[in-house]
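Before any comments, here is the structure.
Values below: every heavy atom of this structure, side chains too, minus hydrogens, waters and symmetry copies. Convention: sequence-line order gives letters A, B, ...; per-chain numbering from 1.
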Amino acid sequence: MPVRPEESTPLPQQLPTQESAPVTVFASPGSWIESDAVVQCHQVAALDGMSRVAGMPDLHPGKAAPIGAAMLSSVLYPHLVGSDIGCGIAVFPFPLKRAVPERLAGRFPDLDRALDPVRDADDPAWAVLDGDIPAGHLDGVGTVGRGNHFVELARVGTVLAPDHADRLGLAEGDLVLIVHSGSRGLGERILRAHTERHGAGPAPDPAGYLAAHDAAVRWGALNRRLLAARVAHALGSAPAAPIVDQCHNLVEVRAGRYLHRKGAAPGDGRDVLVAGTRGTASYLVHGHAGAAANHSVAHGAGRKMSRADALRRGRAKHTVEQLRRTPVGSIVVCGDRQLLFEEAPGAYKRIEQVIADLVAHGLATPVATTVPLVTYKTLDAAARPARDRRRARGRR
DNA sequence: ATGTAC
């Protein structure tokens with residue numbers, strides 16, 4: 001007599017070994033948080049070894065994990081940090097006598113083109129590296145990247161904590177350069193090497209992953225300095241060390257556990273630039289987030305729309321000219337029209353609400369606002385929408 | 001966000 005299937009089926013091996021970790025989202029009830037992102041937080045919370053998931057007010061859905069979240073676990077999961085290991089935002093002093101956006105926009109260097117050690121041997125920007133290129137990785141060195149990355153010349157607007165701003169050497173009207181960029185191809189390569197063998201599973205050799213990860217974090221920070229130096233030399237300012245530089249995609253080892261940050265900046269006693277949008281102010285804040293928030297603060301306004309939605313709705317609502325010359329009078333250097341729509345201010349949440357939520361939950365204190373003058377995204381026009389390409393062909 | 005495949 002044949003054995004019935006259930007009799008030959010072994011007992012399931014994946015019995016639940018623990019309750020799901022607590023999930024806290026630090027946003028007010030009125031703040032828009034996509035339910036998909038909260039679902040992703042709960043999926044992460046159910047992972048083996050997870051002890052706490054903290055969603056920041058800029059929380060939104062990511063590809064494999066939520067963006068705007070800090071996730072504490074006894075197990076190291078590379079996919080929770082994602083491919084742009086070492087991505088962060090730095091603020092540099094940028095003393096210029098005069099800053100007319102129209103004139104300065106045209107003087108930005110080509111930050112889509114990597115510095116070549118031979119052809120650009122004489123470029124003074126190399127000096128900030130001091131000969132140190134982590135992992136020997138030269139691909140894309142000195143480039144800003146795509147997506148939400150940018151290099152922005154901004155003016156300090158409202159000073160909200162004068163003593164703190166003073167300590168940072170910032171006063172109303174001062175110029176700063178804000179650089180949001182990561183580890184370009186290096187972090188992507190590190191995640192891919194893990195994913196090819198282990199998918200979304202844990203790192204079997206945490207020390208090995210962390211060694212590669214730390215190099216990408218260092219590469220990202222050095223690249224932000226390199227970008228700032230390139231712009232400083234081109235615009236006639238003096239290259240300087242950053243006054244603020246915090247990485248929001250990384251793993252931090254805390255008391256033997258792994259704190260994964262994905263779009264969540266370190267908020268434990270540190271100063272962080274919380275990026276607004278390409279056309280609204282950003283906020284420099286002092287973070288003082290505790291254990292409940294996994295010692296983290298938001299990293300930006302957070303997407304409100306997917307890139308596809310932003311493109312569709314943005315095209316109906318705005319002209320390219322409106323997005324390149326913003327309501328605050330700044331200029332957005334972006335040759336790629338699709339990216340311009342994807343990154344339109346309306347595709348993001350209101351930064352004031354994100355900051356208000358951080359304040360309401362006691363995670364941060366605003367220090368000063370920065371108001372954009374020129375935001376560099378890309379000079380490259382390669383990825384224009386198909387309709388524009390058809391039009392361009394028609395004109396020939 | 002990325003390099004790469006389509």
Legend entry - Boundaries of the DNA chain B segment in contact with chain A, non-hydrogen, under 4.0 Å: B/dA1 to B/dG3
Using distance only, find each side-chain donor-acceptor pair of residues 201-215 of chain A under 3.5 Å and give its atom names and separation, not counting sequence neighbours.
residue: A/Asp205; atom: OD1; partner: A/Gly208; partner atom: N; Å: 3.1
residue: A/Asp205; atom: OD2; partner: A/Gly208; partner atom: N; Å: 3.4
residue: A/His213; atom: NE2; partner: A/Val251; partner atom: N; Å: 2.8

Legend entry - Donor-acceptor contact present, side-chain A/Ser237 to main-chain A/Pro95, <3.5 Å: yes
Inset, instruction - Scan residues 155-174 of chain A for pairs that pass salt bridge (charged side-chain N to carboxylate O under 4.0 Å, His left out), counting only residues two or more places apart or in two chains. - result: none
Inset, instruction - Report the distance from atom CD1 of A/Ile178 to atom CG of A/Leu284, rounding to the nearest 0.5 Å. - result: 8.5 Å
Legend entry - CD1 on A/Ile67 to NE2 on A/His248, rounded to 0.5 Å: 9.5 Å
Inset, instruction - Indicate, with a heavy-atom threshold strictly under 4.0 Å, whether A/Arg192 touches base, sugar-phosphate, or nothing. - result: nothing
